[in-house]
K.L.:
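For reference, the structure I am asking about is given below.
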There are 2 protein chains.
Amino acid sequence: MDVNDFKILLVDDETDVLDFMKYNLEKEGFWVYTAQNGVEAIQMAKKMNPHLIILDLMMPKMDGIETCRELRNIPEFKNTIITFLTARDEDYSQIAGFEVGADDYITKPIKPRVFISRIRALLRRLETNETAGKITVGDIEVDRERYLIIKAGKEISLPRKEFELLNLLISKPGRVFKREEILSKVWGNDTIVGDRTIDVHIRKLREKIGDDYFKTIKGIGYKFDA
Amino acid sequence: MDVNDFKILLVDDETDVLDFMKYNLEKEGFWVYTAQNGVEAIQMAKKMNPHLIILDLMMPKMDGIETCRELRNIPEFKNTIITFLTARDEDYSQIAGFEVGADDYITKPIKPRVFISRIRALLRRLETNETAGKITVGDIEVDRERYLIIKAGKEISLPRKEFELLNLLISKPGRVFKREEILSKVWGNDTIVGDRTIDVHIRKLREKIGDDYFKTIKGIGYKFDA
DNA sequence: AAAGTCTGTTAACCTTTGCTTAACGTTCAA
DNA sequence: TTGAACGTTAAGCAAAGGTTAACAGACTTT
């Protein structure tokens with residue numbers, strides 16, 4: 001599944017916030033659909049079957065919590081990823097959110113880069129067998145919550161891009177990821193970066209983790225192998 | 001399938017919008033056809049058999065929804081990708097759109113880059129099933145995902161051209177592929193390579209996999225046989 | 001605010017690999 | 001038998017990737 005096949009439903013009553021998120025997500029190639037309140041959201045969700053729903057907590061009529069609860073009662077949305085959008089310091093709401101079956105929450109104000117990479121991480125769950133925030137392949141453990149990996153008991157922290165690249169490759173060990181695929185999934189759909197960028201990041205990963213884990217398929221891309 | 005083989009039908013009553021989209025799509029190498037209303041659209045679609053239809057929602061006579069419904073009733077368009085074109089904030093119409101079998105909608109105003117990448121993503125759906133997955137013939141297994149072949153449990157990795165050549169031949173075991181067919185499918189339509197190039201690659205495959213798998217049909221081409 | 005650190009990206013250069021070709025040898029069908 | 005078609009080999013070349021350092025921008029720290 002390609003980044004471009006992911007459908008995201010945004011639900012927020014503030015048009016500004018909606019537009020801002022939509023703009024940023026579309027720039028990355030996601031399908032974005034919107035709704036302005038809980039009722040609309042549920043209607044829309046039924047029609048388009050989104051992979052991910054981002055729900056604002058504070059909404060008139062039916063708030064995020066309530067909407068989420070209703071969504072979770074509909075069988076086809078049992079496995080849809082639902083994320084809340086909350087103002088910072090609304091800790092209490094977060095707890096309530098997890099109680100009704102949210103997978104994550106995102107705090108406002110939204111910073112585009114962090115926002116996007118968070119969305120990517122969430123959607124990656126659908127593609128892989130990943131259940132929680134961890135994955136172990138061979139002697140490498142990836143802790144997606146803390147942005148670090150553990151090799152032979154030793155913690156290694158990685159910068160965002162390196163981490164996301166590793167995370168992508170390791171999500172399907174052995175499978176070859178084409179360069180363009182890597183670009184679209186880690187960098188974003190319309191990003192234009194130089195030819196050597198991926199290589200450099202691969203090199204850094206090889207440096208930190210070990211040469212043999214990363215195999216080059218010339219003319220195609222890379223794969224992770226234990 | 002090449003980008004340049006994709007046929008797109010644009011349907012909109014506003015000539016400006018039509019021209020704008022057409023310009024942007026043709027610049028990318030797509031074949032673009034146009035219609036100004038629903039009736040025309042259906043006529044045109046029957047003639048040219050498009051891969052993708054972009055329908056404006058608001059049109060005189062027969063609107064987008066209605067046109068879509070009619071198209072979906074024609075068997076040959078059951079699998080055609082249909083997308084709506086709608087003004088922002090017409091969320092309700094979007095819902096109606098999905099009901100009649102639309103695959104997506106695109107909001108106006110159209111931003112060229114987002115527009116194009118969205119079209120590409122849609123068309124990618126048509127392509128994906130062609131090259132994915134595994135194929136096993138006799139004791140040879142071709143794993144396209146991992147980009148390697150397995151013979152008697154032993155993994156053999158092949159350079160790109162060799163892999164693609166094997167992949168082509170093995171896709172229809174026993175069938176003879178003409179030299180020119182091999183050239184156009186593995187090397188590309190416009191590539192000009194010498195006479196011996198194919199032979200050399202066949203030789204390498206024979207070396208790595210075994211002589212008897214590849215049969216030469218003199219004057220015609222090659223075939224794969226177990 | 002300034003200095004310093006950390007990331008991501010690029011440019012320039014180097015290394016490796018796979019593709020192609022040329023030249024010659026072999027086969028096979030008419 | 002003979003020549004067109006294919007087989008084989010090694011060598012040259014170009015393309016793809018590897019490597020390094022340097023730089024700009026973001027983020028931290030002081």
Side-chain angles (χ1 to χ4, degrees), chain A residues 28 109-117 120 147-149 156-169 176-188 190-224, chain B residues 147-149 156-169 176-183 185-188 190-224:
Chain A
E28 301 298 316
I110 294 165
K111 291 175 192 165
R113 302 181 67 178
V114 178
F115 179 60
I116 294 295
S117 77
R120 284 228 176 77
Y147 263 69
L148 51 81
I149 65 158
I156 307 173
S157 75
L158 297 175
R160 190 164 271 110
K161 279 268 145 66
E162 283 167 49
F163 185 86
E164 278 169 15
L165 175 53
L166 169 64
N167 200 25
L168 174 67
L169 295 180
V176 177
F177 289 85
K178 294 183 192 153
R179 280 172 162 265
E180 47 169 335
E181 195 182 352
I182 294 175
L183 271 182
S184 86
K185 289 195 177 161
V186 176
W187 271 263
D190 63 1
T191 325
I192 298 150
V193 286
D195 257 8
R196 298 274 66 70
T197 303
I198 295 180
D199 314 71
V200 173
H201 282 85
I202 288 283
R203 201 200 147 266
K204 287 178 181 167
L205 286 176
R206 296 215 247 236
E207 211 170 47
K208 288 172 186 168
I209 295 167
D211 266 20
D212 347 312
Y213 293 98
F214 304 90
K215 276 204 175 156
T216 307
I217 315 297
K218 251 191 144 173
I220 310 291
Y222 295 92
K223 68 173 168 178
F224 181 93
Chain B
Y147 233 89
L148 48 81
I149 65 158
I156 306 172
S157 71
L158 298 175
R160 193 172 46 161
K161 282 269 148 65
E162 285 167 47
F163 187 85
E164 277 166 17
L165 174 54
L166 169 64
N167 204 26
L168 174 66
L169 295 180
V176 180
F177 288 84
K178 293 180 196 158
R179 282 173 158 267
E180 45 170 331
E181 193 182 352
I182 294 175
L183 272 182
K185 294 212 169 136
V186 176
W187 271 263
D190 47 49
T191 325
I192 300 151
V193 286
D195 256 10
R196 298 274 64 70
T197 303
I198 294 179
D199 315 75
V200 173
H201 281 88
I202 289 284
R203 203 203 144 263
K204 286 180 180 163
L205 285 176
R206 284 176 170 152
E207 209 171 47
K208 287 171 187 168
I209 296 167
D211 267 19
D212 348 312
Y213 293 97
F214 304 91
K215 281 205 173 152
T216 306
I217 316 299
K218 236 187 150 170
I220 312 289
Y222 296 92
K223 69 172 172 177
F224 181 92

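We name chains A, B, ... by the order of the sequence lines, and we start the count at 1 in each one.
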K.L.:
Separation of D211(A) atom CG from dG18(D) atom P, in whole Å?
P.N.:
10 Å

K.L.:
Roughly how many Å is it from CD1 in I220(B) to C1' in dC6(D), rounded to a whole number?
P.N.:
13 Å

K.L.:
Could you give the CD1-to-C1' distance, from I202(A) to dT20(D), as a whole number of Å?
P.N.:
17 Å

K.L.:
Would you indicate what T216(A) reaches in the nucleic acid, counting non-hydrogen atoms under 4.0 angstrom: base, sugar-phosphate, or nothing?
P.N.:
sugar-phosphate

K.L.:
Can you tell me how far P of dG17(D) sits from CG of D195(A), to the nearest Å?
P.N.:
8 Å

K.L.:
Kindly determine whether L148(B) and F163(B) satisfy side-chain contact (heavy atoms from CB on, under 4.5 Å), including the steps that lead there.
P.N.:
CA-CA 8 Å; L148(B) 48 81; F163(B) 187 85; 5.5 Å; no

K.L.:
Going from OH on Y147(B) to CG on L158(B), what distance comes out if it is rounded to the nearest 0.5 angstrom?
P.N.:
9.5 Å

K.L.:
Give the first and the last nucleotide of DNA chain C, reading 5' to 3', that has any atom under 4.0 Å from a heavy atom of chain A.
P.N.:
dT7(C) to dT17(C)

K.L.:
Say whether, by atom type as modelled, one donor and one acceptor occur between the side chain of R160(B) and the main chain of K218(A) under 3.5 angstrom.
P.N.:
no

K.L.:
Could you list by number each residue of residues 158-166 of chain B showing a heavy-atom separation from DNA chain D of less than 4.0 Å, or answer none if no residue does?
P.N.:
none

K.L.:
Between dA4(D), dG17(D), dT9(D), which nucleotide gets closest to the side-chain atoms of K218(A)?
P.N.:
dG17(D)

K.L.:
Assess, by modelled atom type and distance only, whether the side chains of D199(A) and Y222(A) contain a donor and an acceptor separated by less than 3.5 Å.
P.N.:
yes

K.L.:
Under 3.5 Å, is there a donor-acceptor pair between the side chain of T197(A) and the main chain of V193(A)?
P.N.:
no

K.L.:
If you assign K204(B) and R196(B) each to the DNA chain C nucleotide with the nearest heavy atom, which residue ends up on the more 5' nucleotide?
P.N.:
K204(B)

K.L.:
Could you give the angle between the helix axes at the two ends of the helix from dA1(C)-dT30(D) to dA30(C)-dT1(D), with five pairs per end, rounded to 10 degrees?
P.N.:
30°

K.L.:
Determine the contact category for F214(A): base if any of its heavy atoms lies under 4.0 Å from a base atom, sugar-phosphate if only primed atoms, P, OP1 or OP2 are that close, otherwise nothing.
P.N.:
nothing

K.L.:
Looking at K208(B), R203(B), H201(B), which hits side-chain hydrogen bond (donor to acceptor under 3.5 Å, both in side chains) with E162(B)?
P.N.:
K208(B)

K.L.:
Atom NE2 of H201(A) to atom P of dT19(D): distance rounded to whole Å?
P.N.:
15 Å

